[in-house]
Amino acid sequence: MLDPKILRSQPDVVAAKLARRGFIFDLERFTSLEAQRKRLQGETEQLQAERNSGSKRIGQAKARGEDASPILADMDRIKARLADIEGQLVALQDEFDGFLGGLPNTPHDSVPDGKDENDNVELRRWGTPRPAAGAKDHADLGEALGQMDFAAAAKLTGARFTVLRGGLARLHRALIQFMLDVHTREHGYEELYVPYIVNEASLRGTGQLPKFGEDLFTLQGEQGWRLIPTAEVPVTNLLRDEILDVGLLPRKWVAHTPCFRAEAGSAGRDTRGMIRQHQFEKVELVQATTPERSYEAHEQLTGHAEAILKKLDLPYRVVALCTGDMGASAAKTYDLEVWLPSQDRYREISSCSNFEDFQARRMLARYRHPETKKTELLHTLNGSGLAVGRTLVAIIENYQQADGSIAIPDALKPYLAGLERIAK
RNA sequence: GGAGAGGUGGCAGAGUGGUUGAAUGUACCUGACUCGAAAUCAGGCGUACGUGAAAACGUACCGGGGGUUCGAAUCCCUCCCUCUCCGCCA
């Protein structure tokens, strides 16, 4: 959610920033809603004040044994008026909230302008991409090994699921352990275990609801529970309705969770292989810090995710998403893209974003400013560190051998009891 | 799943319809005393929104939502959560 105060005081500035991401800010509608809000809220509070003082006087009169009926008559009028105005205010508030909730975050000044992914800016490359010539894709390699079974998963559930067996299942598990160890031991994150089912308030807090509910799996029942699409939801919402001591900052959390995505609207995209699944594992990094330090934290967090790719010796590049390609809640996003020889290109394996106070405002995640003693909104950030399924894909493809076996990256060997390669 | 007891400020804990945003204790902040600290004394100390340049003022909030009433922390309905006992269970 954007700051309504800034929206009021500098609507043109906000509109210009939103226009950079191709979003038309309806200034006229905002102005009209705001004017109505101001009027209705003022009137409501005025009437409430009259009601309160009237009720007090009734109490006082009764305490003195006096007749309160003249005041009571007055109260009838106030009550009827208040019910009317208050009803209008509530309706307007709903509309206003819907309008505000529909606004994306303003992009940071450093974010490149652009319409879609073609306008993203490559910042750096690391490693030497393996040539595409002669490279098999991970699905072929995995199936040939008899350790990646899409047909079995389709029987059990349906499309976009995978059954892993033997060495690949083990490698997949080792990756999780490896990533958690690096982030906790070398990067100073606290490891968390969190629920994989969350309530609607949490999804609202991080911005998946109300707009992006079609990407979520909903559980039956009246609670409105959903499967998490990312650990970002349970982890970041730990901050909801909290006021943190500034000494606790920055908070740095890492959690491994499965992620569940309906992938509505992805029909026909990445249908082959493990690239786009309804269920996948991810190790997620989340940070909360002060506004002054969030961009520094953004660079660091991105570096933490990159460290995994470096240790695994997987070629990748870092891309700054342009204004048109960023998620609605983000102020700035870097994507890490890993080299996939079978596709002869880089594919997203991590997305690291600074949300500034956009999420924090929705969920009232604050800290106490040490000097002013006032509450200030935190800045929240997160990034994949990394998407485990896609990391597995990248290892299979980049470490494939001529005989169809898969070499094990050195960094993972301690997690696989010294196993040198995965073969049939 | 069954039965019962509860959910009030950072914590503890009063408050069963009226000047209560809420006693009291504790923690914390400021000041006094002290060489300094402790102890003691005095004052301060919730969050959000709104109006305002500011000071300040107004409104809302006692688990969530709804209701009764001129007036609700207090009464009613409903949902959620916690605790105890029983049952079941990885």
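Fair warning: this is a prediction, and the values are worked out from it, not measured in the lab. Chain letters run A, B, ... following the sequence lines, proteins first and then strands; every chain starts at 1.
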With the side chain of [X] defined as its heavy atoms from C-beta on, choose the nearest nucleotide among [options].
X	options	value
A/L72	B/rC70, B/rG50, B/rU59	B/rC70
A/E45	B/rA48, B/rG58, B/rG71	B/rG58
A/Q60	B/rA48, B/rG50, B/rU19	B/rU19
A/Q41	B/rC70, B/rA60, B/rC49	B/rC49

Ignoring backbone atoms, test whether [X] places a side-chain nitrogen or oxygen under 4.0 Å from the OP1 or OP2 oxygen of [N].
X	N	answer
A/K56	B/rG18	no
A/N52	B/rU59	yes
A/R368	B/rU47	yes
A/R8	B/rG50	yes
A/T375	B/rA48	yes
A/R362	B/rA48	no

Is there a donor-acceptor contact under 3.5 Å linking the side chains of [X] and [Y]?
X	Y	answer
A/E281	A/H256	yes
A/S342	A/E397	yes
A/E191	A/T184	no

[N] pairs with, by Watson-Crick or G-U criteria that keep both distances under 3.5 Å:
N	value
B/rU19	none
B/rC28	B/rG44
B/rG58	B/rC49
B/rA72	none
B/rA3	B/rU84
B/rA14	none

Take atom [atom1] in [N] and the same atom in [M], then report the distance between them in whole Å.
N	M	atom1	value
B/rG64	B/rC80	C1'	7 Å
B/rA60	B/rA73	C1'	14 Å
B/rG25	B/rG43	P	12 Å
B/rG63	B/rA27	C1'	24 Å
B/rU74	B/rG17	P	12 Å
B/rA72	B/rU19	P	12 Å
B/rG9	B/rG15	P	16 Å
B/rG13	B/rU8	P	9 Å

So what does [X] hit on the nucleic acid, given a heavy-atom distance under 4.0 Å: a base, only sugar-phosphate, or nothing?
X	answer
A/K62	base
A/R57	nothing
A/T44	nothing
A/K374	nothing

Rounded off to whole Å, could you give me the [atom1]-to-[atom2] distance for the [X] and [N] pair?
X	N	atom1	atom2	answer
A/L100	B/rC49	CG	P	13 Å
A/D241	B/rC81	CG	C1'	15 Å
A/D357	B/rA48	CG	C1'	16 Å
A/E50	B/rA60	CD	P	13 Å
A/L47	B/rA60	CG	P	11 Å
A/N199	B/rC80	CG	C1'	10 Å
A/E200	B/rG64	CD	P	18 Å
A/D245	B/rC29	CG	P	12 Å

Check against salt bridge (charged side-chain N to carboxylate O under 4.0 Å, His left out), A/R272 and A/D140: CA-CA 10 Å; A/R272 184 176 161 74; A/D140 282 344; 2.5 Å; yes

Main-chain N/O of A/P229 paired to A/Q208 side chain as donor or acceptor, under 3.5 Å: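 Not at all, since once roles are kept as given, no pair shorter than 3.5 Å links the two residues.
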
Close side-chain approach of A/L378 to A/T290, heavy-atom, < 4.5 Å: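 They are not in contact (no side-chain heavy atoms under 4.5 Å apart), so the answer is no.
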
Ring geometry between A/F99 and A/F96 (parallel below 30°, tilted from 30 to 60°, perpendicular above 60°):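 Plane angle between 30° and 60°, so tilted.
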
5′-ward residue of the pair A/S53/A/W225 relative to RNA chain B: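 The residue mapped nearer the 5' terminus is A/S53.
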
First of A/R366 and A/Q46 reached from the 5' end of RNA chain B, by closest nucleotide: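 Upstream on the strand: A/R366.
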
A/Y334-A/H298 aromatic ring centre distance below 6.0 Å: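 Yes.
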
